[in-house]
Amino acid sequence: MENLIALVNRLQRACTALGDHGEESSLPTLWDALPSIAVVGGQSSGKSSVLESVVGKDFLPRGSGIVTRRPLVLQLHRLDEGREYAEFGHLPRKRFTDFAAVRKEIADETDRETGRSKQISSVPIYLSIYSPNVVNLTLIDLPGLTKVAVEGQSDSIVQDIENMVRSYIEKPNCIILAVSPANQDLATSDAIKISREVDPKGERTFGVLTKIDLMDKGTNAVEILEGKAYKLQFPWIGVVNRSQADINKNVDMIAARRREREYFSSTPEYKHLAHRMGSEHLGKVLSKHLETVIKSRIPGLQSLINKTIIELETELSSLGKPIATDAGGKLYMIMEICRSFDGNFKEHLDGVRPGGDKIYYVFDNQLPAALKRLQFDKQLSMENVRKLITEADGYQPHLIAPEQGYRRLIESSVISIKGPAEAAVDAVHAILKELIHKAISETAELKQYPSLRVEVSNAAVESLERMRDESKRATLQLVEMECSYLTVDFFRKLPQDMEKGGNPTHSIFDRYNDSYLRRIGSNVLSYVNMVCASLRNSIPKSVVHCQVREAKRSLLDHFFADLGKQEGKQLGTLLDEDPAIMKRRLSLAKRLELYRSAQAEIDSVAWSK
Ligand SMILES: Nc1nc2c(ncn2[C@@H]2O[C@H](COP(=O)(O)OP(=O)(O)OP(=O)(O)O)[C@@H](O)[C@H]2O)c(=O)[nH]1
């Protein structure tokens with residue numbers, strides 16, 4: 001089960017390295033989910049001594065007044081063998097083997113945050129101790145609770161310390177080590193008071209009684225230690241720490257522990273309790289409890305880690321892939337992004353995404369309506385027909401049929417079809433342009449690179465403009481072709497018709513009379529209507545051929561050709577990502593790595609249960 005606590009320590013240290021202290025981060029933190037043990041108590045209650053004897057090392061700063069002015073997060077790591085050493089979170093990879101130097105660094109690091117004042121700070125100091133003489137534990141040493149402010153301290157200090165201590169121990173995953181001195185009335189114990197406040201049922205509070213050896217002669221702590229004076233959920237644990245005289249004489253921890261063992265086993269009042277007294281027992285009890293708590297939390301931890309991983313992955317994928325460093329990689333990346341955009345654009349035309357149907361609407365509604373509006377019958381009014389026929393005849397009236405007049409009348413009508421033809425070209429161009437903008441905004445990768453987005457969008461629109469020009473030329477040519485060469489068959493039928501319905505006896509002088517001209521007008525109108533019906537079908541073909549089909553085929557061809565000529569540096573400017581995004585991606589990737597390794601570790605522990 002020690003692996004389990006080692007795992008917790010590893011995870012906690014990893015979180016610390018990322019600055020994940022459980023306060024500022026928007027993500028749920030491992031720190032919040034993992035249990036820890038906080039040591040609380042009044043000033044000089046023996047708190048540091050308890051901590052030191054659990055650790056088995058003499059390393060905490062001591063002195064009168066408020067010595068502990070910052071929380072100390074202490075992680076104990078059991079080593080199977082080797083020399084013991086300490087490491088600080090703020091000095092990674094620097095190993096301390098001299099514990100007097102550790103004590104000095106704690107004091108110095110406290111001063112760095114608070115100055116040399118007697119103020120306190122809630123920013124913790126992280127310290128790891130690796131030793132064959134410890135059990136795996138995470139402990140938090142908190143500044144001692146005090147009743148009055150001493151000189152040089154603000155009046156609020158008493159409350160400030162209490163608030164800070166509370167902020168740690170009120171977390172439901174905090175196991176409280178409430179230290180009370182036996183030579184003071186338990187009723188006045190600061191530790192018991194504050195722990196009862198945050199843990200009324202005593203489900204996570206361990207009572208530690210110090211200074212049992214300093215009790216007045218004739219009194220003892222049996223009532224308390226047996227849980228008769230003040231009952232806690234877990235049995236009280238009595239300890240005998242080194243006295244000030246011992247410290248001054250440099251009595252070492254090992255000797256102190258031996259003496260403590262002897263004290264309990266040889267003092268008649270405590271003999272029957274000796275097996276569950278002392279610092280060593282305290283360490284074991286705490287370790288065992290921590291394991292039980294963590295075990296019960298594994299499913300919750302797993303789901304927290306999994307949830308965070310999903311969130312990180314989602315955010316990371318929304319930021320897109322990181323940029324390749326070499327020119328080839330960059331070119332490939334740009335081509336990939338362009339392909340994705342081109343794919344989206346085609347999907348709009350092919351009906352996978354909406355918008356392509358608007359083109360058919362142009363052919364089926366807009367174009368026929370515009371052709372209808374041309375009103376050829378007005379163009380072919382009696383006066384107009386008379387005017388054009390007589391003008392075409394010139395000084396010599398036509399002899400058999402007004403050939404020239406017919407041509408001019410047809411041309412003047414057919415030429416007006418250019419207007420609707422051009423409008424159809426423009427309408428389809430506008431739709432294609434709109435679809436380009438849609439496809440651009442739907443291409444997630446382009447959001448990542450604003451310069452590339454602008455370039456691709458410009459290149460696509462420029463291509464469309466070229467296609468529109470070509471489409472206009474081809475479509476107008478269709479109309480012009482109708483003017484250039486008339487369908488002879490249509491006119492060959494006319495004399496027969498005339499013979500059937502006309503007056504064969506009319507003289508050459510009747511040639512400009514109304515009925516004759518009306519007949520010409522109606523012949524021209526039927527011919528123009530026939531041309532119109534044919535163009536109504538061929539204009540869409542020309543528009544689709546020149547614009548839609550071409551856009552699907554070669555929208556970015558020019559852009560790709562230019563791209564091939566560019567150097568790595570120019571390609572880099574196309575991929576000039578927002579620096580904030582790059583930074584965010586890096587930090588997310590780092591965090592994801594941590595959570596993934598945490599997931600793998602915790603999963604392996606969970607499966608091996
Ligand atoms: N004889 C005896 N002395 C003890 C015992 N526990 C602590 N002391 C002494 O009491 C004094 C205060 O102990 P600390 O461990 O520094 O107390 P603290 O709660 O950490 O105090 P602050 O850091 O000031 O909050 C020291 O001189 C210790 O040697 C004990 O069990 N027996």
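Atoms within a ligand are numbered from 1 in the order they appear, just like the ligands themselves. In this text, all values refer to a predicted model and were calculated from it rather than measured experimentally. We number each residue from 1, following the sequence as shown.
- Nearest-residue assignment for atom 11 (C) of ligand 1 (options M215, K211, K47; heavy-atom criterion): K211.
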Sequence neighbours excluded and cut-off under 3.5 Å, please list the side-chain donor-acceptor pairs for residues 214-222, or say none.
residue: T219; atom: OG1; partner: D216; partner atom: N; Å: 3.4
residue: T219; atom: OG1; partner: D216; partner atom: O; Å: 2.6
residue: N220; atom: OD1; partner: V222; partner atom: N; Å: 3.0

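- Remark: ligand 1 atoms within the under-4.0 Å shell around heavy atoms of I247 are 29 (O).
- Residue-ligand proximity, V240 to ligand 1, at heavy-atom distances under 4.0 Å covers atoms 31 (O).
- Using modelled atom types, one finds no donor on one side chain facing an acceptor on the other under 3.5 Å when comparing S195 with D199.
- For the residue pair Y263 / R258, no side-chain donor-acceptor distance below 3.5 Å is found, with atom types taken as modelled.
- For atom 8 (N) of ligand 1, the candidate residues are E260, Q244, R242; the nearest heavy-atom contact is made by R242.
- Numbered from 1 in the order shown, with element, the atoms of ligand 1 that lie under 4.0 Å from a heavy atom of Q43 read 24 (O), 25 (O).
- Side-chain atoms of T443 never come within 3.5 Å of backbone atoms of E445 as a donor-acceptor pair (strictly under, hydrogens ignored).
- Numbered from 1 in the order shown, with element, the atoms of ligand 1 that lie under 4.0 Å from a heavy atom of G42 read 19 (O).
- Checking N248, T210, L214, D213 against atom 32 (N) of ligand 1, the nearest heavy atom belongs to D213.
- Of the polar atoms of G46, at least one N or O is found under 3.5 Å from an N or O of ligand 1, judged by distance alone.
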Could you give me the CA-CA distance, side-chain angles and deciding distance for M253 and E52, then say whether side chain to side chain contact (heavy atoms under 4.5 Å, CB included) is met? CA-CA 8 Å; M253 245 350 130; E52 281 187 335; 3.7 Å; yes

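- Residues K47 and P143 approach most closely at NZ-C, 4.2 Å, considering heavy atoms.
- Under a 4.0 angstrom heavy-atom cut-off, G41 registers as lying outside contact with ligand 1.
- Taking F96 as the reference, F88 meet the ring-ring contact (aromatic ring centres under 6.0 Å, His included) condition, with sequence neighbours excluded.
- Taking every heavy atom of T68 and a limit of under 4.0 angstrom, the matching atoms of ligand 1 come to 23 (O).
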